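Data first, discussion second: the structure below is written as C-alpha cells.
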Amino acid sequence: MAFQAFVQPGRDLLSRPTCFWNKNNTKNAQNMSDQLTKRDTDYAQWYNDLVLKADMAEHSEVRGCMVIKPHGYAIWEKMQGALDGMFKATGHVNAYFPLFIPKSYLAKEASHVEGFAKECAVVTHYRLKSDPEKGIIVDPDAKLEEELIIRPTSETIIWNTYRGWIKSYRDLPLLINQWANVVRWELRTRLFLRTAEFLWQEGHTAHATQQEAEEEARRMLDVYATFAEEWMAMPVIKGVKTASERFAGAVDTYCIEAMMQDGKSLQAGTSHFLGQNFAKAFDVLFTNKENKQEYVWASSWGVSTRLMGALIMTHSDDHGLVLPPKLAPVQVAIVPIAKNGEQLTAIDGYVKPIVDALRAKGIAVKYDNDDKRKPGWKFAEYEFKGYPVRIAVGPRDMENGTVEVARRDTLEKQVMQAADIAEKVEHLLEAIQDNLYRKALTMREENTHVIDSYAEFKDRIDQGGFFLAHWDGTPETEEKVKNETKATIRCIPFTGDKTPGKCMVTGNPSAQRVIFAKSY
RNA sequence: CGGGGUGUAGCGCAGGCCGGUUAGCGUACCUGCUUUGGGAGCAGGGGGUCGCAGGUUCGAAUCCUGCCACCCCGACCA
C-alpha cells in the first residue's frame with residue numbers, strides 16, 4: 001500500500017453536517033435534496049437516489065425504460081472497452097444481428113420460448129396514417145403477415161443464420177459476439193438492475209464437440225470473473241445454476257454471483273452450455289472428419305448494463321458513487337483555488353506540468369479551471385460522482401511546491417510535494433483499486449455463513465448474506481426454501497468445500513454445500 | 001397483474017378537507033457587488049396549459065367523473 005506509507009490521517013469528512021438550516025430555522029431544501037438517503041436507513045432508496053444524483057441515469061418518459069446519461073454511459077463505455085479487449089484476446093470477433101425476430105423462430109426451441117413468451121414486445125404493423133379525429137393511428141391495412149418479436153436475446157435469429165454458415169468441421173469453431181440492446185417487458189423495473197430495454201453483449205459460439213462448447217462456456221465465465229475482480233474490484237463466486245435457475249434452452253448455466261452491501265446476491269454475468277438444443281431446433285449440421293453429419297454444439301454468454309448496478313452497490317457510500325480507478329472515466333480531477341483571475345492564470349501554469357505528467361502515464365485527468373463554479377461546489381460534485389482522486393491547488397501550494405490530494409474511497413486528504421506527484425498518483429490509483437477489492441472481499445467473507453440447521457437458517461436469512469448449506473439436489477426442496485424464506489440457491493460453487501453431507505431441510509444426502517441467498 | 005402513493009416553475013414541496021385578489025416557498029436560473037482551501041452572502045429579476053379530458057358553479061389547483069403517467073410494496077424474471 002504505497003499510499004498509506006505517506007498519508008496522514010485526513011480530516012474526518014464524515015463529520016460534516018448532513019442537514020443545513022437557514023436563519024429562519026427552516027430546512028434548506030436544496031441542501032436537503034442533495035443529501036442521499038443513508039444506506040442504513042433504506043438501502044433501496046439509497047440506490048435510487050444515488051443513480052439519479054450522481055447523474056448516471058434517469059427514468060425516461062417511456063415506461064420501464066431509462067435514459068443513460070453521459071456520466072453513466074462513460075462508465076459503461078469503459079466496461080465495454082475492457083470486456084471487448086478480453087473477448088478479442090480469446091479469439092472472438094464482433095458482428096451484428098437484427099433487432100427483430102420472426103415469431104416462428106422463437107417458437108422453435110420449446111423451453112426457450114416458454115422462458116421468454118411472457119415478456120416479449122411484438123411488432124404487428126409497419127405503417128401509420130393520419131386520422132382526422134385521432135391524429136396519427138396505426139394503419140390497419142399495414143398488418144405484418146408474421147409478427148416480429150423485439151429480441152429478448154438472440155439465440156434464435158443467430159442460429160437460424162449459422163445454419164447457412166456452417167457446413168464442415170472446417171467452419172468451426174465460430175466465435176462471435178454482438179453488442180446490442182434487448183427488450184424484456186418487465187413489469188417492475190429499477191434503474192440499471194432491471195429495465196425493459198437494456199444494453200448488453202451476447203456471445204454465441206458454435207463448436208464441433210461437446211467438450212469444446214463446454215470449455216468455451218467455462219472460459220467465458222472465467223473472463224467475466226476476471227473482469228469483475230480486476231476491473232470492477234468486485235469479488236465474485238463462480239458456479240453452476242440449479243435447474244430452476246437455468247437459462248431457458250440451456251443444458252447448463254454458469255454464473256458469477258456477487259454480494260452487494262446489503263447482503264443480497266446479484267448475478268453479474270452468465271454463460272451457458274447449450275448442448276445441441278439450438279442446432280437441432282434450427283437444423284445446424286456439419287460434416288465431421290469422418291464425413292458424417294452431426295449437430296453443432298453451442299455456448300452463449302452475456303453481461304449487461306446490470307453491471308452498473310453491481311458496481312454501484314459494491315463500492316459506493318453515503319457520500320455518493322465510488323468508482324474503481326480502472327473504470328473511472330475521470331481518474332483525477334484537479335481543482336484550482338484562486339482569489340482572482342490573475343491567481344487562476346498562475347495556477348494554470350503551475351498545474352500544466354502536473355497534468356502533462358499524469359497524462360504521460362495514461363491517467364485520465366480533468367483540470368477543472370472553470371471559473372463559473374466554485375471550489376467547494378466542485379469538491380462536492382466530484383465526490384458525488386465518484387472520481388477516485390481529487391487534487392486541489394491554491395496559492396499556499398504554489399508557495400510551498402505542494403498539492404492537496406484527496407482519495408475518494410477513504411475520504412482522506414494529504415498535502416504532498418508536487419515534484420513527483422504523477423508517480424505518487426499512479427501508485428495511489430493502484431492502491432485505491434486494491435483497497436476497494438479487499439474491502440468488498442472482507443465484506444463478503446464476514447457475511448458468508450456455514451450453516452447446517454434449517455431453523456437457524458430461517459432465523460438468519462433476513463439479515464442477508466451468503467449461507468453455505470447442504471441441499472439434497474431436488475427442485476422440491478429448493479422450492480420449499482424459496483416459498484418459506486424467499487431465498488434461492490444462487491449457485492453450486494465450483495471451488496470451496498466439496499465434502500458431502502446431509503441436506504439442511506430434508507436430511508437426505510447432499511453432494512456438497514451450495515450458496516443460498518436472497519437476490520436481486 | 002394486484003395493493004398503496006404521488007402528479008402545482010428545471011428540482012423539492014406548501015396550498016386542497018372548508019371553491020373567491022395577481023397561485024406561494026426553498027433551491028436552481030439571470031444581473032450587480034462582495035467572495036473563493038468543502039455545495040458563499042446580500043440586493044434585484046425572469047420563469048406556471050396547477051398531469052390530461054369532461055362535469056358542477058357567477059367563479060375550480062381546490063368539489064365530482066373518467067383517463068394517463070410515474071414511484072413504492074407484492075407476484076414474475078437477468
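Computed from heavy atoms alone, side chains included, the values below leave out hydrogens, waters and symmetry copies. Values in this document were obtained by computation on a predicted structure and should not be read as measured data. Just so we're on the same page: letters track the sequence lines, and every chain starts at 1.
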Under 4.0 Å between any heavy atoms, over every strand shown, what does [X] touch: base, sugar-phosphate, or nothing? Just pick one.
X: A/Gln45; answer: nothing
X: A/Thr195; answer: base
X: A/Lys486; answer: sugar-phosphate
X: A/Asp397; answer: base
X: A/Leu193; answer: base
X: A/Glu119; answer: sugar-phosphate
X: A/Phe198; answer: base

Take atom [atom1] of [X] and atom [atom2] of [N], then tell me their distance rounded to the nearest Å.
X: A/Leu187; N: B/C71; atom1: CG; atom2: C1'; result: 15 Å
X: A/Arg373; N: B/A28; atom1: CZ; atom2: P; result: 10 Å
X: A/Ile337; N: B/A40; atom1: CD1; atom2: P; result: 13 Å
X: A/Lys118; N: B/A75; atom1: NZ; atom2: P; result: 14 Å
X: A/His319; N: B/G38; atom1: NE2; atom2: P; result: 16 Å
X: A/Leu344; N: B/U35; atom1: CG; atom2: P; result: 17 Å
X: A/Asp371; N: B/U36; atom1: CG; atom2: P; result: 15 Å
X: A/Gln267; N: B/C76; atom1: CD; atom2: P; result: 17 Å

For [N], which nucleotide is its Watson-Crick or G-U wobble mate, given both distances must be under 3.5 Å?
N: B/C33; value: B/G41
N: B/A23; value: none
N: B/C52; value: B/G66
N: B/G74; value: B/C1
N: B/A14; value: none

* Under 3.5 Å side-chain donor-acceptor pair for A/Asp42 and A/Thr37 -> no
* Rounded distance [0.5 Å steps], CE in A/Met86 versus CE in A/Met220 -> 8.5 Å
Rounded to whole angstrom, note down the [atom1] distance from [N] over to [M].
N: B/G48; M: B/G10; atom1: P; value: 8 Å
N: B/G5; M: B/C63; atom1: P; value: 15 Å
N: B/A9; M: B/G51; atom1: C1'; value: 15 Å
N: B/C68; M: B/G32; atom1: C1'; value: 45 Å
N: B/G4; M: B/G46; atom1: P; value: 45 Å
N: B/U21; M: B/A61; atom1: C1'; value: 16 Å
N: B/C25; M: B/G47; atom1: C1'; value: 15 Å
N: B/C13; M: B/G19; atom1: P; value: 27 Å

* To do: Answer yes or no for A/Arg390 and A/Phe379: cation-pi contact, defined as NZ/CZ to six-membered ring centre under 6.0 Å and angle to ring axis within 45°.
  => yes
So, [X] versus [Y], ring centres under 6.0 angstrom or not?
X: A/Trp301; Y: A/His92; result: yes
X: A/His204; Y: A/Phe278; result: no
X: A/Trp76; Y: A/Phe192; result: no

Any idea which of [options] is nearest the [X] side chain?
X: A/Pro375; options: B/A78, B/U36, B/G38; answer: B/U36
X: A/Arg390; options: B/G39, B/G38, B/A78; answer: B/G38
X: A/Lys482; options: B/G39, B/C73, B/C77; answer: B/C77
X: A/Arg188; options: B/G74, B/C71, B/G38; answer: B/G74
X: A/Thr189; options: B/G39, B/C71, B/A78; answer: B/C71
X: A/Arg396; options: B/G38, B/G37, B/C76; answer: B/G37
X: A/Ser304; options: B/C73, B/A78, B/U36; answer: B/A78

* To do: Report yes if at least one side-chain N or O of A/Asn48 is closer than 4.0 Å to OP1 or OP2 of B/C72; otherwise report no.
  => yes
* To do: State whether A/Arg184 places a side-chain N or O below 4.0 Å from either non-bridging phosphate oxygen (OP1 or OP2) of B/A78.
  => no
Going by an N to O cut-off under 4.0 Å, is there a salt bridge joining [X] and [Y]?
X: A/Asp317; Y: A/Arg408; answer: yes
X: A/Asp370; Y: A/Lys372; answer: yes
X: A/Lys238; Y: A/Asp222; answer: yes

* Structure fact -> RNA chain B nearest-nucleotide lookup for A/Ala196 and A/Glu404: closer to the 5′ end is A/Glu404
* Nearest nucleotide by nearest heavy atom, which residue falls closer to the 5' end of RNA chain B, A/Phe192 or A/Gly376? -> A/Gly376
* Asked: Any N or O donor-acceptor pair linking the side chain of A/Arg194 to the base of B/C77 at under 3.5 Å?
  -> yes
* For the base of B/U35, is there a side-chain donor-acceptor partner from A/Lys374 under 3.5 Å away? -> yes
